[in-house]
Amino acid sequence: MPTDCISYQNSGYFSALMNDYLDQKSNLKSLYNRFPNIENFEGQILEKKNSYDDKNRAVLVSVLQQQYSKISTSALTDQNIEALSNSNTFTVTTGHQLNLFTGPLYFLYKIISTINLTKELKAKYPENNFVPIYWMATEDHDFEEINYFNFKGRKFRWNKESTGPVGRLSTEGLADFFEVYARELGSGTNANKIKKLFQESYLNHSTLAEATRVLANELFGEFGLVILDADDQALKRTFIPYIKEELVNQTSHKKVLKTIENLKNYFVQVNPRVINLFYLEDNLRERIIFENQKYKVNNTKIEFSEIEILSILESHPEKFSPNVIMRPLYQEVILPNLCYIGGGGEIAYWLELKSFFDAVKVTFPILLIRNSVLLTTEKQAKKADKLELTWNDLFLNQNVLKNKSIKKLSEFPIDFTVQKEQLQKQFEALYEITNQTDKSFLGAVKAQETKQIKGLENLEKRLLKAQKRKYSEELERIIDLQNELFPNQSLQERLANFSEFYLEKGDDLILLLLKKLKPLESNFDIISLP
């Protein structure tokens, strides 16, 4: 194959907003702080250093030490947690839901992008320390989004009732799930590693948050990853002034709505609520609504006056949970963070938030689109070569790929552009005649031209269809290969689970990804697994 990557913009899988962001279009520059290149981190470091409240460091380190107290950690992770006490230590953060057994492949790519960026920053700015953070979305409550993963085209779903934040959800019942999955894995060294990883994470820990921490730590702890569960009273206490601002003044709603007006030519990822907070208990996470001078908890009979809710905030800040609009602010308040790494959809909603951050005087992070990867085998790469397909071809919409392939296979042109141009030249002479006779003749000429052009287009379509039948076997091989690489005509990284590839490659899978992925290069990487 001629190349092992294509640009995000040319992949066909990124929105117009993300393409324009990557192209640094001038109409978007007010929506972010600094574009993600290595030189821009110098200014970001200085700005964050001057604006971050270093008193939050002691709280952060204490919480992390407590959260890690029951699991084994690498020397590098311990070193990174300790380093967070120092004013010259900064974080690079990615966040992800608590998907069962990591969910889709891009879970790995997010974290590896984060780890690799901290390495690049350390090489460029050696006087500072940089810590990779995985922010667990423990306060989310949409269990249906995370209770399954796909393995070799089969969906493995954990059927369980769930209310409240998913991080507090009991792992009870996963033993039966594991029996079914273990049978599918079969035997062998890597299969046994996967089984052990699942057992140690989910069967030996009582909540989904604990299980996910163990899982991520087993996969990435040796590379210094620090995993944070922000569903914590001490961390929420540092966020009290911003929660109060949201309850009393609803600043986020006002600012984000105004920003959305400037995004009217794009798909808007999220819309703000009047109050962008939930009320949180073990089995409850419901929106806080302001009605008739009362703060009401949606779908319950719970309500408060302003004095009452602010009193609860002071005594129990852990009862307040930020939604998608407020969570980024919470992250940037409690972390000495420089950069957030996320998928295109995540970066799209972060771009709605810059004016809100400015209003509450919190430094807006650099926004970086995570690495995207297509994993292939040598056999698939050789098959593509034999079929004379480029990676750009394989990323095409399937119908577009079919048509392009048939036109390439055909022994004669299927494109009737030349004939259409010749026809139009013939009608030019007729149009000259219309200038010399009755104007009613013009309509007849135009109608005839339209009819004949349409006739040629229909013939073109019929010829294309005939050639598809003639080359059906070749076309089938092309589409079979694309379907292998893009299951359900979607990105592999959004559907497949890491265990499908770990089963073949073991630990080498993660080591290869760590070696290959360059987070500051906006390329969709195609990585062949040896």
Checklist line | side-chain contact (heavy atoms from CB on, under 4.5 Å) evaluation trace for Phe223 with Leu511 | finding: CA-CA 10 Å; Phe223 310 109; Leu511 294 174; 4.0 Å; yes
Note to self: For the backbone of Val270 and the side chain of Glu352, can you confirm whether one donor and one acceptor N or O come within less than 3.5 Å of each other?
What the structure shows: yes
Check: So does Gln9 have more than 12 non-hydrogen atoms from other groups sitting under 6.0 Å from CD?
Finding: yes
Next item on the list: Might you confirm whether atom CG of Asn488 has over 12 heavy atoms from other residues, nucleotides or ligands at distances under 6.0 Å?
Entry: no
Checklist line | Lys402 vs Ile479, side-chain contact (heavy atoms from CB on, under 4.5 Å): CA-CA, chis, key distance, verdict | finding: CA-CA 8 Å; Lys402 286 179 181 179; Ile479 298 308; 3.7 Å; yes
Check: Is a donor on one side and an acceptor on the other found under 3.5 Å between the side chain of Asn99 and the backbone of Ile146?
Finding: no
Next item on the list: Kindly say whether Lys25 contributes a backbone atom to a donor-acceptor pair with the side chain of Asp20 at under 3.5 angstrom?
Entry: no
Notebook entry, point to check: Do the side-chain N and O atoms of Thr77 and Asn80 include a donor-acceptor pair separated by under 3.5 angstrom?
Noted result: no
Next item on the list: Taking Asn192 for its side chain and Ser187 for its backbone only, find out whether a donor-acceptor pair lies under 3.5 Å.
Entry: no
Checklist line | Partner of Tyr471 under side-chain contact (heavy atoms from CB on, under 4.5 Å), chosen from Glu474, Glu473, Arg469 | finding: Glu474
Notebook entry, point to check: Considering the options Tyr106, Tyr109, Phe14, which one meets the side-chain contact (heavy atoms from CB on, under 4.5 Å) requirement together with Ser372?
Noted result: Phe14
Note to self: Using 0.5 Å steps for rounding, measure from the OG atom of Ser499 to the CD1 atom of Ile194.
What the structure shows: 5.0 Å
Next item on the list: For Phe486 and Tyr13, run side-chain contact (heavy atoms from CB on, under 4.5 Å): C-alpha distance rounded to whole Å, both residues' side-chain angles, the deciding distance at 0.1 Å, then the answer.
Entry: CA-CA 12 Å; Phe486 297 83; Tyr13 283 93; 3.5 Å; yes
Check: How many angstroms lie between atom OG1 of Thr91 and atom CD of Glu332, to the nearest 0.5 angstrom?
Finding: 7.0 Å
Next item on the list: Let me see the working for Leu513 and Leu108 under side-chain contact (heavy atoms from CB on, under 4.5 Å), right down to the final yes or no.
Entry: CA-CA 9 Å; Leu513 291 169; Leu108 269 65; 4.2 Å; yes
Check: Do NZ/NE/NH1/NH2 and the carboxylate oxygens of Glu184 and Arg154 come within less than 4.0 Å?
Finding: yes
Note to self: Rounded to the nearest 0.5 Å, what separates atom CD1 in Ile366 from atom CZ in Arg34?
What the structure shows: 6.5 Å
Notebook entry, point to check: Do Asn483 and Gln489 touch side chain to side chain, with heavy atoms closer than 4.5 Å?
Noted result: yes
Item checked: Atom NZ of Lys516 with >12 non-hydrogen neighbours under 6.0 angstrom -> no
Next item on the list: Of all the heavy-atom pairs spanning Ser11 and Ile6, show the shortest one and how long it is.
Entry: CA-CD1, 3.7 Å
Note to self: So, applying side-chain contact (heavy atoms from CB on, under 4.5 Å) with Phe101, which one of Phe498, Phe156, Tyr148 is it?
What the structure shows: Phe498
Notebook entry, point to check: Would you find a donor on one side and an acceptor on the other, under 3.5 Å apart, between the side chain of Asn116 and the backbone of Pro519?
Noted result: no
Next item on the list: Report the relative orientation of the aromatic rings in Phe177 and Phe198; use parallel for angles under 30°, tilted for 30 to 60°, perpendicular for over 60°.
Entry: parallel
Next item on the list: Count the heavy atoms of every other residue, nucleotide or ligand shown that sit under 6.0 Å from NZ of Lys446, and state whether that count exceeds 12.
Entry: no
Checklist line | Side-chain donor/acceptor of Glu200 to backbone N/O of Val214, under 3.5 Å | finding: no
Notebook entry, point to check: Is Asp507 salt-bridged to Lys193, going by a charged N under 4.0 Å from an acidic O?
Noted result: yes
Margin query: Let me confirm one number: the CG-OH distance from Leu353 to Tyr32, rounded to the nearest 0.5 Å.
Written below: 16.0 Å
Notebook entry, point to check: Between Gln398 and Gln482, is any side-chain donor less than 3.5 angstrom from a side-chain acceptor?
Noted result: yes
Checklist line | CD (Gln24) with more than 12 external heavy atoms under 6.0 Å | finding: yes
Item checked: Mutual orientation of the aromatic rings belonging to Phe395 and Phe524 [parallel < 30°, tilted 30-60°, perpendicular > 60°] -> perpendicular
Item checked: Any donor-acceptor pair under 3.5 Å from Tyr330 side chain to Ala230 backbone -> yes
Check: Near Lys122 NZ, under 6.0 Å, is it more than 12 heavy atoms from other residues, nucleotides or ligands?
Finding: yes
Next item on the list: Kindly state whether the ring of Tyr181 and the ring of Phe149 have centres lying under 6.0 angstrom apart.
Entry: yes
Notebook entry, point to check: Could you give the distance from OG1 (Thr94) to CZ (Arg370), rounded to the nearest 0.5 Å?
Noted result: 8.5 Å
Margin query: Would you say the ring centers of Trp135 and Tyr340 fall short of 6.0 Å from each other?
Written below: no
Item checked: Ser113 side-chain N/O to Asn371 backbone N/O, donor-acceptor pair under 3.5 Å -> yes
Next item on the list: Please check if the side chain of Lys124 supplies one atom and the backbone of Glu39 the other of a donor-acceptor pair under 3.5 Å.
Entry: no
Check: So with a 6.0 Å cut-off around CZ of Arg285, is the heavy-atom count from everything else above 12?
Finding: yes
Next item on the list: Taking the six-membered ring for Trp and the full ring for Phe, Tyr or His, determine whether the centres of Tyr21 and Phe35 are under 6.0 Å apart.
Entry: yes
Notebook entry, point to check: CG/Leu28 to CG/Asn262 distance, rounded to the nearest 0.5 angstrom?
Noted result: 9.5 Å
Item checked: Chi angles and distances behind the salt bridge (Lys or Arg N to Asp or Glu O under 4.0 Å) call for Glu139, Arg327 -> CA-CA 10 Å; Glu139 295 178 48; Arg327 190 211 67 79; over 6 Å; no
Margin query: One thing to verify: whether Glu484 and Lys383 come together as a salt bridge, which I'm taking to mean a side-chain N less than 4.0 angstrom from a carboxylate O.
Written below: yes
Check: Would one find more than 12 heavy atoms of other residues, nucleotides or ligands at under 6.0 Å from atom NZ of Lys255?
Finding: no
